[in-house]
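A short worksheet on the structure shown next.
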Amino acid sequence: MRMSRLFARTLRDDPSEAEAPSHRLLLRAAYIRQVMAGVYTMLPLGMRTMRKIERIVREEMDGSGAQEIRMPIILPAEPWKVTGRWQAYGEIMFKLVDRHGRELGLGPTHEEVVTPLVAGELPSYRDLPVNLYQIEWKYRDEYRPRFGLLRVREFLMKDAYSFDRDEEGLHASYDTMLQAYRRVFDRCGLRYVIVEADPGTIGGGANHEFMANADVGEDLYVACPNGDYLADLEAATPRPPEPADTTALEPLTEVSTPSAATIDAVSKLLGRPASNMLKCILFDVGGRAVAVLVPGDREVNETKLARRFFPALVRRFEDADFASLGLVKGYVGPQGLPDEIMVLADHSVRGGKDWVTGANKSEHHVTGANAERDFRVDEYADLVQIREGDPCPACGQPLRIERSIVVGHIYQIGTTYSEPLKATFVDEDGTERPYVMGCYGLGITRTIAAAVEQNHDEHGITWPRALAPFEVVVIVANRDDEQVTAEGERIYLELASLGVEVLLDDRDESAGVKFADADLMGFPVQLVVGRRGVDAGTVDLKLRATGARSTAPLQGGGQAAADLLAAAP
RNA sequence: CGGGACGUGGCGCAGUUUGGUAGCGCGCAGCGUUCGGGACGCUGAGGUCGCGGGUUCAAAUCCCGCCGUCCCGACCA
């Protein structure tokens, strides 16, 4: 490719809307252009990098026995209503209506399409397992698109779905995908960790996230310094506390707490630490009231709560909800709550006693409240938000919090979709059983951004070879010199014949502009042909990632660039 | 949706406080000079000042409404 023909105008100044490094550089280096919030056009350079990731993904998926299909972007609403996700995805799903008044959606993911597809084609256990994947645009009307390609409303994703007879088969399929993902991200040159994660609106059981480390990452995970434990912040489970000694308990006593409707205020008023307060938060779960108890110094992890009740919708009580049950916001406690309110407590509540909590009466709290004696707990569960410094569940060392970008997420979803969608096969014993499914997402466009976040410096992008849109750029430093131009052409053809993806900067620009653009666009190897070198019989080479410079003979300069490239990361 | 900021040629910005008929740098086109780290000179093209309404002799500037974009929080690849 000749740069004089390449549709790529670089920007000298940072566009004012771009903040994150990947966003800034992808715009400046002419990889992407914005169309509207969270929607981008991929320019030729961006396309080439995107295709490279797609290719790596295809090779690893095909090599793992998955088969590529293509499902539509535009989908009927019905199966989504059956699984409950028409509601659960809510406003995130782009919804539209066709001329007949039929409700349609733009696919945010494709379980509701692939599951009936397989059910219609494969009624026998003999045909299992099967794993189908596609690389397709996904649509999510995000609350807040941001950071260029990192969080967008239209993105390219590889999604795969495995169908097995039983749990054992699922585990094998899942493990195959986990290994395939490792190879994909290794080949992309990403620095990443694999963490235990929350399944979100997909639902189901065990699942892992592939997290690329990055300063602008929106996703936090906890890591044990000993390497014993890695988990998504939302999914992380703190080590359960030792149960409190309940041999001597305070009596339950009501105290007046005028205008103290917050943990902080009550804590100050009564001179008790927040950790001795029992926070009682009310939720509406699909129309049913649920009280969640956590110590006063902890937060309820609403993601875990949503997971406990998935696919029912969980929302915090609003003023009207308190009023309808005769409760006073800020003074709610678990003792004496009506029977129809389910009471859930975090495991950490077992570690405390003689709680201070609301008296269910305006301006009053109680002290000395204890589980069983004074209030019922219907279920203990893991419901708190983990914090930096919490003990590792494996070894007890304080956990650290790290920042990252989720580039892949794999799930064991079991029969979460096959059951409601009645997607069954006939098993060996003649009975119908729902498929045991796994699903596997990998963000292609997000991987582009994550790679730039990890590979850039003050001059521009420093691509790993596998993702660079071109591997070598041949810079003709003196555009007016026919001999220099001819040597540049010759080396360009030499590199092409060696199978190297090469770009010839034949533009009528000064050398400085060419160097700056080459650095900005991030090609791994730069080869400079100039007057000086041609006279001396040499070319100059530069490895972009390290800045290391060297010279090579003019004759065979192409081979030297190819050798340097082969040694590049 | 809640909080904050900003919308002026392709990009970055000034002008808005104090209304007077739009400017700078980069980029773009032409000519000439330059030619190994974002060259220089001359000439030129390019703007419904986000949109709609209002006030005024006169609005980029003042008032009202709307839209868009970005940043901080609630969803996810």
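In the text below, chain A, chain B and the rest are named by the order of the sequence lines, each starting its count at 1.
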Pairs: protein N or O with nucleotides 40-50 of chain B N or O, under 3.5 Å:
none

Under 3.5 Å, sequence neighbours excluded: what are the donor-acceptor pairs made by side chains of residues 502-516 of chain A?
unit_1, atom_1, unit_2, atom_2, d
D505(A), OD1, R507(A), N, 3.3
D505(A), OD1, R507(A), NE, 2.9
D505(A), OD2, R507(A), NH2, 3.0
D506(A), OD1, M3(A), N, 3.4
D506(A), OD1, S4(A), N, 2.9
D506(A), OD1, S4(A), OG, 3.0
D506(A), OD2, S4(A), OG, 2.8
R507(A), NH1, D517(A), OD2, 3.1
R507(A), NH2, D517(A), OD2, 3.1
D508(A), OD1, R479(A), NE, 3.1
K514(A), NZ, V476(A), O, 2.8
K514(A), NZ, D505(A), O, 3.2
K514(A), NZ, R507(A), O, 2.9

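- Note on R9(A): every side-chain N or O is 4.0 Å or more away from OP1 and OP2 of G27(B).
- Under the salt bridge (charged side-chain N to carboxylate O under 4.0 Å, His left out) criterion, the residue pairs touching residues 281-292 of chain A are D284(A)-R315(A), with sequence neighbours excluded.
- At most 12 non-hydrogen atoms from other residues, nucleotides or ligands lie less than 6.0 angstrom from CD of Q87(A).
- With sequence neighbours excluded, the residues forming a side-chain contact (heavy atoms from CB on, under 4.5 Å) with K52(A) are E471(A), E501(A), listed by chain and number.
- Remark: U21(B) base-pairs with no nucleotide; criterion is Watson-Crick or G-U wobble with both hydrogen-bond distances under 3.5 Å.
- With hydrogens and angles ignored, no donor-acceptor pair under 3.5 angstrom links the side chain of R151(A) to the base of G73(B).
- Applying the 6.0 Å contact sphere to CZ of R33(A) captures more than 12 heavy atoms from other residues, nucleotides or ligands.
- Legend: residues meeting ring pair (Phe, Tyr, Trp, His ring centres under 6.0 Å) with H208(A), ordered by chain and number and at least two apart, are Y174(A).
- Scored by the side-chain contact (heavy atoms from CB on, under 4.5 Å) test, F322(A) finds L282(A), F317(A), L327(A), K329(A), V332(A) as partners (sequence neighbours excluded).
- Annotation: salt bridge (charged side-chain N to carboxylate O under 4.0 Å, His left out) contacts involving residues 447-460 of chain A, sequence neighbours excluded, comprise D457(A)-R544(A).
- Shown here, U34(B) forms no base pair; nothing in the strands shown gives a Watson-Crick or G-U wobble contact with both key distances under 3.5 Å.
- With a 3.5 Å ceiling on both atom-pair distances, the Watson-Crick or G-U wobble partner of C66(B) is G50(B).
- Take E17(A) and apply the salt bridge (Lys or Arg N to Asp or Glu O under 4.0 Å) test, not counting sequence neighbours, and it matches no residue.
- Rounded to whole Å, the P atom of A14(B) lies 15 Å from the corresponding atom of C62(B).
- Proximity of R146(A) to the phosphate of G73(B): a side-chain N or O atom is located under 4.0 Å from OP1 or OP2.
- Every side-chain contact (heavy atoms from CB on, under 4.5 Å) that L554(A) has, sequence neighbours left out, goes to E487(A), R490(A), I491(A), V534(A), V539(A).
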What N/O pairs connect the protein and nucleotides 34-37 of chain B at under 3.5 Å? Give each pair on its own line.
unit_1, atom_1, unit_2, atom_2, d
C35(B), O2', N478(A), ND2, 2.9
C35(B), O2, R479(A), NE, 3.4
G36(B), OP2, N478(A), ND2, 3.2
G36(B), O2', R532(A), NH1, 3.1
G36(B), O6, G530(A), N, 3.2
G36(B), O6, G533(A), N, 3.4
G36(B), N1, D540(A), OD2, 2.5
G36(B), N2, D540(A), OD2, 2.8
G37(B), O6, R549(A), NH1, 3.1
G37(B), O6, R549(A), NH2, 3.1
G37(B), N1, D519(A), OD2, 3.2
G37(B), N2, D519(A), OD2, 2.4

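- With sequence neighbours excluded, the residues satisfying side-chain contact (heavy atoms from CB on, under 4.5 Å) with Q454(A) are L190(A), R191(A), A212(A), N213(A).
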Sort me out a list of protein N/O and nucleotides 6-13 of chain B N/O pairs below 3.5 Å, or just none if empty.
unit_1, atom_1, unit_2, atom_2, d
G12(B), OP1, S16(A), N, 2.7
G12(B), OP1, S16(A), OG, 3.1

